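Notes to accompany the following structure.
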Amino acid sequence: MLLSAEEISARLETLAGEIDAAYAGRELRAIAILKGSVFFLTDLLKRVKTPVTVDFLQVRSYAGTESSGNIQLIHDLSMDIQGRDVLLFEDVVDTGLTLRRILDLLSSRRPRSLRIAALLKKKLPENRDIACDFLGFEIGTEYVVGYGLDLDERYRNLPYVAVWKPEPK
Ligand code: PRP
C-alpha cells in the first residue's frame, strides 16, 4: 500500500478548502477525465462548498502498464465551457501527454480559467511543465493501482492506492 484511505481522505479535506478559497464567489465547472478520475472527483466534490456543475471527457493512452503515446478522444464534453471556470480532474499525471492534449483542446474553447486538480503526480522530467493547481500527492515512478487507477480495467475500486507488482514466477 502506498496511500491509505485515511491519508487520501485527509488530503481531500485540505484540497477542498483550497478549491473553495480559489473559487470564492464563482461557479465551478468540474471535468472528470474518464475513467480513473471519477473516484477522486466525487470524493473531493462532496467536500467542496463552491457551486459546481460536472461534465466528463474520455481519452485513452494506456495499454497494459505502458503509455501508448497515442491519445485518442473517445467521449467529448456535453456542455460548452466558453467563459467558465474549468477545473480538470486527473487521477495521475504520468508523462503528462493526456493533460497536454486536453489542455490544448479545451483552451481553444475559451474558458474563463482552466486549472488542474490531480490526485497523483509522478516525479518525472517529462511532466515538469504540467503545473497542478491542486495536487494530492507527488509519488515515485512505480505503476500504481486503486482509487480509480487500473491495470487493464481492474483494481479501480480499491479504497487505497497501491504499487502494482507482478506475481513472482
Ligand atoms: C491514465 C490515467 C491518466 C493518464 C496519465 O488514463 O488515468 O489519465 O493515463 O498518463 P499520461 O500522463 O502519461 O498521459 P488511461 O488513458 O489509462 O484511462 P483510464 O483513466 O480510463 O484508466
Side-chain angles (χ1 to χ4, degrees), residues 1-5 7-9 11-12 15-16 19 28-46 48 52 54-79 81 86-109 111 113-166:
M1 195 196 299
L2 186 66
L3 299 165
S4 68
E7 282 174 276
I8 296 169
S9 173
R11 188 73 190 118
L12 296 193
L15 289 180
I19 289 172
L28 192 58
R29 172 67 51 80
I31 296 179
I33 303 173
L34 296 171
K35 305 174 192 167
S37 70
V38 165
F39 294 73
F40 172 48
L41 174 136
T42 54
D43 282 352
L44 181 46
L45 287 188
K46 280 184 269 180
V48 163
V52 62
V54 179
D55 209 349
F56 301 91
L57 185 75
Q58 188 169 19
V59 296
R60 185 184 290 137
S61 68
Y62 273 84
T65 59
E66 296 296 319
S67 175
S68 68
N70 173 23
I71 314 283
Q72 296 167 270
L73 181 64
I74 298 169
H75 177 82
D76 204 347
L77 299 174
S78 67
M79 295 181 276
I81 57 165
V86 173
L87 184 56
L88 277 172
F89 283 73
E90 178 65 295
D91 51 358
V92 61
V93 185
D94 192 343
T95 64
L97 271 174
T98 305
L99 273 178
R100 243 175 259 125
R101 164 86 203 271
I102 292 174
L103 288 170
D104 278 354
L105 178 74
L106 298 189
S107 52
S108 70
R109 299 180 187 178
S113 64
L114 182 55
R115 294 198 236 188
I116 298 168
L119 176 66
L120 308 172
K121 184 175 182 184
K122 291 192 179 177
K123 231 180 250 177
L124 282 173
E126 295 95 300
N127 68 27
R128 241 186 249 144
D129 61 313
I130 304 284
C132 294
D133 304 276
F134 308 97
L135 177 63
F137 305 89
E138 190 171 52
I139 61 168
T141 56
E142 311 93 340
Y143 194 90
V144 284
V145 295
Y147 205 80
L149 292 122
D150 73 311
L151 173 61
D152 287 336
E153 300 299 331
R154 294 170 67 206
Y155 310 120
R156 293 194 198 272
N157 63 327
L158 294 175
Y160 52 84
V161 173
V163 175
W164 183 80
K165 295 208 175 96

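Read the numbers this way: they start at 1 and go in the same order the structure lists the ligands and their atoms. Keep in mind that this is a model prediction, so the values were computed, not measured. All values below were derived from every heavy atom in this structure, side-chain atoms included, with hydrogens, water molecules and symmetry-related copies excluded. Numbers for residues simply follow the sequence, beginning at 1.
Every N/O-N/O distance between E153 and ligand 1 stays at or above 3.5 Å. By the 3.5 Å distance cut-off applied to N or O atoms, G36 is counted among the residues near ligand 1. An N or O contact shorter than 3.5 Å is missing between V93 and ligand 1 by distance. At least one N or O atom of T95 sits closer than 3.5 Å to an N or O atom of ligand 1.
Looking only at side-chain heavy atoms (C-beta outward), R100 and L103 stay at 4.5 Å or farther from each other. The side-chain heavy atoms of I74 and L34, taken from C-beta on, include no pair separated by under 4.5 Å. Between N127 and T95 there is no side-chain heavy-atom pair separated by less than 4.5 Å.
A side-chain donor-acceptor contact under 3.5 Å links S4 to the backbone of E7. A side-chain donor-acceptor contact under 3.5 Å links R11 to the backbone of G136. Looking at R115, its side chain never comes within 3.5 Å of a backbone N or O of D133 through a donor-acceptor pair.
Near L97, meaning under 4.0 Å from one of its heavy atoms, ligand 1 places the atoms 12 (O), 14 (O). Each of the following atoms of ligand 1 lies closer than 4.0 Å to a heavy atom of L34: 20 (O), 21 (O). Residue contact check: D91 has heavy atoms under 4.0 Å from atoms 2 (C), 3 (C), 7 (O), 8 (O) of ligand 1. Proximity to D150 (heavy-atom distance under 4.0 Å) selects the following atoms of ligand 1: 22 (O). Remark: ligand 1 atoms within the under-4.0 Å shell around heavy atoms of G96 are 11 (P), 12 (O), 13 (O). Those atoms of ligand 1 with a heavy atom of K35 less than 4.0 angstrom away are 19 (P), 20 (O), 21 (O).
Selection from R101, E90, K121 by nearest heavy atom to atom 3 (C) of ligand 1 gives E90.
Interatomic distance, CG of D76 versus CZ of F56, reported as 14.0 Å (0.5 Å rounding).
In summary, D91 and R156 do not engage in a salt bridge, as defined by a charged side-chain N under 4.0 Å from a carboxylate O.
Ligand 1 has R156 within reach: a non-hydrogen atom of the residue lies less than 4.0 Å from it.
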